[in-house]
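This report concerns only the one structure given below.
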Amino acid sequence: MKIVNVVLSGGVGSRLWPLSRKSKPKQYLPIFDQQSLFEKTVGRNRGICDQVMVVGGVDNYQLSRDILDKVGVSDYIELVEAAPRNTAAAIAFAAMAVSSDDVLLVTPSDHLIGKQEKYEALLREAIGMAQSGALVTFGLIPSRPETGFGYIEYEGNEVLGFREKPDLATAREFLDRGNFLWNSGMFCFTAGTYLDELKKYEPELFEKAKNAYQHADSGFLPLELSMEIPSISVDYAVMEKSDKIKVVPSDFSWSDMGSFEALYEYFQPGTKERVGNNLVIGAGRKHVEFVGLEHVVLVETADAILVLNKESAQEVKKVYERLEKESPDLLE
């Protein structure tokens with residue numbers, strides 16, 4: 001039995017455009033103490049896990065390889081998706097690549113997590129539950145009424161229900177009630193338990209994923225067979241249906257670093273990125289002044305400039321989606 005850290009690295013980070021591009025998504029940007037979020041993810045789990053597995057996309061697997069080489073990890077497993085088919089399939093590929101009793105610690109590659117000792121203690125708790133046959137999710141104790149995350153209603157380690165991303169009034173209600181957690185997107189279970197539940201609740205997805213995996217070439221999944229796989233998240237496919245779900249309420253520090261508002265909170269006053277109450281990213285040696293403006297984010301790259309109020313950080317995804325149609329070269 002091994003404990004395998006399955007690092008999901010296929011996201012594009014659309015809410016961090018123009019920093020995050022298809023050719024170098026946010027998880028590979030070395031802007032967090034000269035490290036990338038991908039590097040930090042691998043590092044924080046090495047003390048608990050026996051092996052690393054990376055499930056990534058055909059556009060960026062070399063970026064993962066370069067970082068793993070940099071940090072001295074050579075015995076990793078690599079699965080390269082020909083096209084993104086969402087998290088249920090990605091995790092299925094991972095489960096098929098190991099023994100059924102191996103424990104998978106599934107982590108996105110773009111989270112920033114602190115309080116390492118507390119984090120490791122909660123991982124050990126989850127691993128013990130997974131070895132007993134549970135599908136474990138990590139729920140973050142909320143610090144604010146957040147509309148950008150899904151929520152888990154819970155009692156102890158029992159999941160009472162999953163909730164979609166709420167509006168602000170509902171998020172405030174969840175916070176006031178005190179028995180709701182942010183859905184972190186982190187999971188822990190044995191490979192066999194996950195595949196059994198996937199086969200039970202999404203048999204077509206299971207069979208299509210199995211067929212694609214069996215035709216993989218040195219870890220590279222075939223495009224034509226991959227496109228036959230239904231694109232469904234692991235939450236919808238398994239976690240919201242199974243009766244084996246448990247949750248570990250978690251109070252380590254956590255951010256999905258999914259928006260410029262999160263970056264604004266990360267870079268503290270006194271750093272070169274914080275100019276008063278504003279944030280400047282990518283301006284190089286240029287001197288930037290703000291007059292009569294607060295809580296503004298200015299992002300500059302070689303081919304684009306983005307200026308926004310940090311409260312509008314979630315709206316950047318709409319810019320990304322518009323550019324996909326109008327100027328796709330700006331996303332590369």
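These values consider heavy atoms only, across backbone and side chains, with no hydrogens, waters or symmetry-generated copies. Here the structure is a predicted model, which is why all the values come from computation and not from measurement.
- Smallest separation of non-hydrogen atoms from Val6 and Ala94: CG1-CB, 3.7 Å.
- Judged as a side-chain contact (heavy atoms from CB on, under 4.5 Å), and not counting sequence neighbours, the contacts of Ala262 are Ser255, Met257, Ser259.
- Tyr194 and Phe187 have their aromatic ring centers separated by at least 6.0 angstrom.
- Side chain of Ser327 to backbone of Leu323: no donor-acceptor contact under 3.5 angstrom is found.
- Applying the side-chain contact (heavy atoms from CB on, under 4.5 Å) rule to Ser312 yields the partners Asn309, Glu315; only residues at least two apart in sequence or on another chain are considered.
- Side chains of Ser109 and Val54 form no contact here, defined as non-hydrogen atoms less than 4.5 Å apart.
- Under a 3.5 Å cut-off, the side chain of Gln51 and the backbone N or O of Asp75 do form a donor-acceptor pair.
- Looking at every heavy atom in both residues, Leu198 comes nearest to Ala92 through CD2-CB, 3.7 Å.
- The hydrophobic cluster around Met1 extends to Ile3, Ile48, Val103, Leu105, Ile113, Tyr119, Leu122, Leu123, Ile127, Met129, Val136, Phe138, Leu140, Phe149, Tyr151, Phe174, Phe180, Trp182, Met186, Val248, Phe252, Trp254, counting ILVMFWY residues whose side-chain heavy atoms fall within less than 4.5 Å of a member.
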### Message
Using side-chain contact (heavy atoms from CB on, under 4.5 Å), reason through Leu225 and Lys208 one step at a time and then give a plain yes or no.
### Response
CA-CA 7 Å; Leu225 294 179; Lys208 297 290 189 182; over 6 Å; no

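- In this structure, Arg65 CZ and Tyr76 OH are separated by 5.5 Å, a value rounded to the nearest 0.5 Å.
- No hydrogens or angles considered: nothing links the side chains of Ser9 and Asn60 as a donor-acceptor pair under 3.5 Å.
- Other members of the cluster containing Leu160 do not exist, because no ILVMFWY side chain is joined to it at under 4.5 Å.
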### Task
Would you check, one step at a time, whether the test side-chain contact (heavy atoms from CB on, under 4.5 Å) holds for Val159 with Tyr154?
CA-CA 5 Å; Val159 174; Tyr154 78 107; 5.6 Å; no

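- A cation-pi contact links Arg274 to Tyr264, judged by a cut-off of 6.0 Å to the six-membered ring centre and 45° from its axis.
- Judged by distance alone, with hydrogens and angles left aside, the side-chain atoms of Thr87 form a donor-acceptor pair with the main-chain N or O of Val234 at under 3.5 Å.
- Of the candidates Tyr213, Tyr61, Phe220, Leu79 forms a side-chain contact (heavy atoms from CB on, under 4.5 Å) with just one, namely Tyr213.
- A donor-acceptor distance shorter than 3.5 angstrom exists from the side chain of Asn278 to the backbone of Val296, with no hydrogens or angles considered.
- Judged purely by atom type and a 3.5 angstrom limit, Gln268 uses its side chain to pair as donor or acceptor with the backbone of Glu265.
- Side chain of Asp256 to main chain of His111: no donor-acceptor pair is present (N/O by atom type, distance under 3.5 Å, no hydrogens or angles).
- Between Asn211 and Glu207, the side chains place no donor N or O within less than 3.5 Å of an acceptor N or O (distance only, hydrogens not considered).
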### Message
Using the rule given for side-chain contact (heavy atoms from CB on, under 4.5 Å), can you reason through Phe290 versus Leu298, listing the C-alpha separation, both sets of side-chain angles and the distance that settles it, and then say yes or no?
### Response
CA-CA 10 Å; Phe290 295 90; Leu298 186 153; 4.1 Å; yes

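- To the nearest 0.5 Å, atoms NZ (Lys40) and CZ (Phe32) are separated by 8.5 Å.
- The local environment of CD in Glu155 is sparse, with at most 12 non-hydrogen atoms from other residues, nucleotides or ligands closer than 6.0 Å.
- To the nearest 0.5 Å, the span separating NZ on Lys26 from CG on Leu29 amounts to 10.0 Å.
- Interatomic distance, Ile31 CD1 to Ile281 CD1, rounded to the nearest 0.5 Å: 5.5 Å.
- Remark: Glu240 CD to Ile152 CD1 distance equals 9.5 Å, nearest 0.5 Å.
- Residues satisfying the side-chain contact (heavy atoms from CB on, under 4.5 Å) criterion with Arg21, sequence neighbours excluded, are Trp17, Pro18, Ser23, Thr301, Asp303, Ala304.
- Contact check for Ile67 versus Val42: no side-chain heavy atoms found under the 4.5 Å cut-off.
- Heavy atoms of other residues, nucleotides or ligands lying less than 6.0 angstrom from OH of Tyr201 number more than 12.
- In terms of heavy-atom proximity, Pro230 sits nearest to Leu205 at O-CD1, 3.6 Å.
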### Task
Carefully, step by step, assess Ser20 and Tyr28 under the rule side-chain hydrogen bond (donor to acceptor under 3.5 Å, both in side chains).
CA-CA 9 Å; Ser20 185; Tyr28 301 107; over 6 Å; no

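- Within 6.0 Å of the NZ atom in Lys318, the count of heavy atoms belonging to other residues, nucleotides or ligands does not exceed 12.
- The nearest pair of heavy atoms linking Pro249 to Asn157 is CD-ND2, 3.8 Å.
- Side-chain atoms of Asp102 come within 3.5 Å of backbone atoms of Lys2 as a donor-acceptor pair (strictly under, hydrogens ignored).
- For Lys210, the NZ atom sits in a loose shell: 12 or fewer heavy atoms of surrounding residues, nucleotides or ligands are nearer than 6.0 Å.
- Judged by distance alone, with hydrogens and angles left aside, the side-chain atoms of Gln27 form a donor-acceptor pair with the main-chain N or O of Gly11 at under 3.5 Å.
- Nearest heavy-atom pair, Lys165 versus Gly148, reported as atom, atom and distance to 0.1 Å: CE-O, 3.2 Å.
- Every residue two or more places apart in sequence or in another chain that forms a side-chain contact (heavy atoms from CB on, under 4.5 Å) with Ser231 is listed here: Arg85, Asn86.
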